[in-house]
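Order of the sequence lines fixes the chain letters, A, B, ..., with proteins taken first and strands second; residue numbering starts at 1 for each chain. Fair warning: this is a prediction, and the values are worked out from it, not measured in the lab.
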2 protein chains.
Amino acid sequence: MKEQKIPKETIKRLPLYYRCLNRLVVLGKDTLSSTELSEYLGIKPTQIRKDLSYFGDFGTRGVGYDLRKLFKEIESILNLERSWNIAIAGVSNIGCAIMDLLDFNHSGFNIVAAFDSDNRVVGSNIYGITIQDLDNLKECTADEPIDIGIIAVDPVDAREVANCLVDKGVKGIVNFAPTLLNLPKEIEVVQMDLTSELGWLVFYIGHR
Amino acid sequence: MKEQKIPKETIKRLPLYYRCLNRLVVLGKDTLSSTELSEYLGIKPTQIRKDLSYFGDFGTRGVGYDLRKLFKEIESILNLERSWNIAIAGVSNIGCAIMDLLDFNHSGFNIVAAFDSDNRVVGSNIYGITIQDLDNLKECTADEPIDIGIIAVDPVDAREVANCLVDKGVKGIVNFAPTLLNLPKEIEVVQMDLTSELGWLVFYIGHR
DNA sequence: TTTACATTGTGATAACAAACACATAAATTA
DNA sequence: TAATTTATGTGTTTGTTATCACAATGTAAA
């Protein structure tokens with residue numbers, strides 16, 4: 001292992017390793033080689049070893065990786081040992097789907113607040129969370145600090161909501177609205193955009 | 001313009017250009033410079049020009065791009081002049097959200113079939129589509145060929161559903177299940193995976 | 001008409017990421 | 001214990017993508 005800049009692409013693969021390892025741990029497996037992991041994930045074994053080597057020498061030559069140990073290492077690298085508080089803006093279809101997903105596979109991501117602009121749902125309770133009025137986002141006080149905001153509101157409202165979330169102190173945003181957010185560069189943004197993905201998909205489908 | 005390999009990253013940016021241009025067309029704008037587009041999208045003007053130059057000389061030096069013309073060019077490049085038929089597997093929360101999204105901003109992506117394994121929803125009608133039994137996916141006949149399959153079923157079923165969709169002739173798949181699909185390489189796959197995205201997001205949030 | 005300015009298109013360069021080749025080391029077998 | 005096999009870790013090479021510098025070209029002003 002050597003001190004050097006870690007490629008962003010490496011970081012993006014770590015969650016894939018993490019999930020796969022988690023499943024194998026549950027299955028009771030003990031040792032894992034990069035070749036075997038490679039077969040599960042369709043990522044070349046040299047790539048996997050290179051990725052892991054940025055963070056340490058986790059394996060044993062001639063043997064492979066101690067599955068449980070490697071799992072814990074990646075968990076630590078990704079900061080998944082602690083849990084993260086999430087606020088959701090917009091609880092129509094997508095918002096609900098997300099709440100369902102995160103509530104179901106309770107994976108360290110806790111929904112601590114949810115907002116909507118529809119008076120018919122404000123005050124109601126979804127997955128144990130009382131839906132607050134979106135207009136109160138600015139003023140509302142949360143018991144715990146919110147780490148991450150998920151935006152599932154109408155595209156035209158996305159930018160304002162994003163700014164409010166940043167004011168509330170979130171460090172990262174996942175944006176399901178097809179809207180470009182103009183945020184301080186220290187805020188990490190993930191754009192989840194089905195229509196864009198379909199756009200490039202059909203480029204490749206059509207060119208065959 | 002020169003004949004050469006087009007970077008995948010360029011293709012992935014085209015839908016962003018496309019959507020932004022679409023909005024500006026609606027606003028009645030006529031001419032657009034790469035610098036101006038760059039301000040809307042947060043992508044450097046040289047990057048935009050380089051991307052476009054792979055496909056032709058669409059602009060006029062000293063002037064900029066004819067907005068409407070450029071829009072049509074990108075539409076043509078991405079194969080968005082024609083419409084695309086989509087089948088959805090799984091119409092619980094996420095599936096419904098997708099149907100809503102695609103039905104609402106009818107953007108050339110038409111849902112032509114939907115499937116679910118829950119007997120309570122099979123036969124019901126969502127956004128004008130009668131939900132069919134997922135078990136019938138293999139046998140069912142569609143009036144029109146299905147171009148793209150969207151998987152929104154339980155992770156454990158995703159792989160089998162994907163194979164069925166491929167058998168039915170889809171050329172591309174969007175997979176919302178956190179499951180690696182093992183498909184022939186000529187099938188284009190888009191993985192939409194919130195938990196993975198949250199995984200790398202908190203890496204960067206935590207390291208500050 | 002000439003000059004100044006705005007803007008595109010592109011070859012060259014730099015930055016980043018993946019793939020490769022192989023040194024290293026543990027386990028197994030003869 | 002020597003040879004063989006298995007598997008990791010990493011320096012080097014190759015490939016891909018972004019950035020830069022600037023030539024080419026159009027518009028507007030002097």
| query | Of the candidate nucleotides C:dA17, D:dT8, C:dG11, which contains the atom at the shortest distance from the side chain of B:Lys50? | reply | C:dG11
| query | Is there a side-chain polar atom (N or O) of A:Tyr65 under 4.0 Å from OP1 or OP2 of D:dT6? | reply | no
| task | Using whole Å, report how far CD1 of B:Ile11 lies from C1' of D:dT16. | result | 14 Å
| task | Figure out the OH/C1' separation between B:Tyr54 and C:dG9, and round it to whole Å. | result | 12 Å
| request: In whole angstrom, give the distance that lies between atom CG of B:Leu32 and atom P of C:dT7. | output: 11 Å
| task | Kindly say if B:Ser34 contacts the phosphate of C:dT8, meaning a side-chain N or O under 4.0 Å from OP1 or OP2. | result | yes
| Charged N to carboxylate O below 4.0 Å: is that the case for A:Asp147 and A:Lys171? | no
| In terms of the nearest nucleotide of DNA chain D, which residue is placed more toward the 5' end: A:Arg49 or A:Gly62? | A:Gly62
| remark: Between CD of A:Glu73 and C1' of D:dT8 the distance, given in whole Å, is 15 Å
| message | So that I can tick it off, tell me whether B:Arg68 and B:Glu73 are bridged by a salt bridge, with the cut-off set at under 4.0 angstrom between side-chain N and carboxylate O. | response | no
| said: Please tell me if A:Gln47 has a side-chain N or O lying less than 4.0 Å from either OP1 or OP2 of C:dA17. | reply: no
| query | Do the side chain of B:Trp200 and the main chain of A:Thr10 share a donor and acceptor less than 3.5 angstrom apart? | reply | no
| Between B:Glu36 and B:Lys29, is there a salt bridge with N-O shorter than 4.0 Å? | yes
| No-H, no-angle donor-acceptor pair, B:Lys5 side chain to D:dG15 base, under 3.5 Å | no
| request: Please confirm whether any donor atom in the side chain of B:Arg61 sits under 3.5 Å from an acceptor in the base of C:dG9, or the reverse. | output: no
| B:Glu9 has a side chain; which of C:dA21, D:dA18, C:dG9 sits nearest to it? | D:dA18
| message | Can you measure B:Ile48 atom CD1 to C:dT10 atom C1' for me and round it to whole angstrom units? | response | 16 Å
| query | Nearest-Å distance, CZ (B:Phe55) to P (C:dG9)? | reply | 13 Å
| field | Residue whose nearest DNA chain D nucleotide is more 5′ - A:Thr46 or A:Val63 | value | A:Val63
| task | Please state how far atom NZ in B:Lys8 lies from atom P in C:dA18, giving the value in whole angstrom units. | result | 13 Å
| Whole-Å distance separating the CG atom of A:Asp51 from the P atom of D:dT8 | 13 Å
| If you draw the axis of the six-membered ring of B:Phe58, does the NZ or CZ of B:Lys72 fall within 45° of it and under 6.0 Å from the ring centre? | no
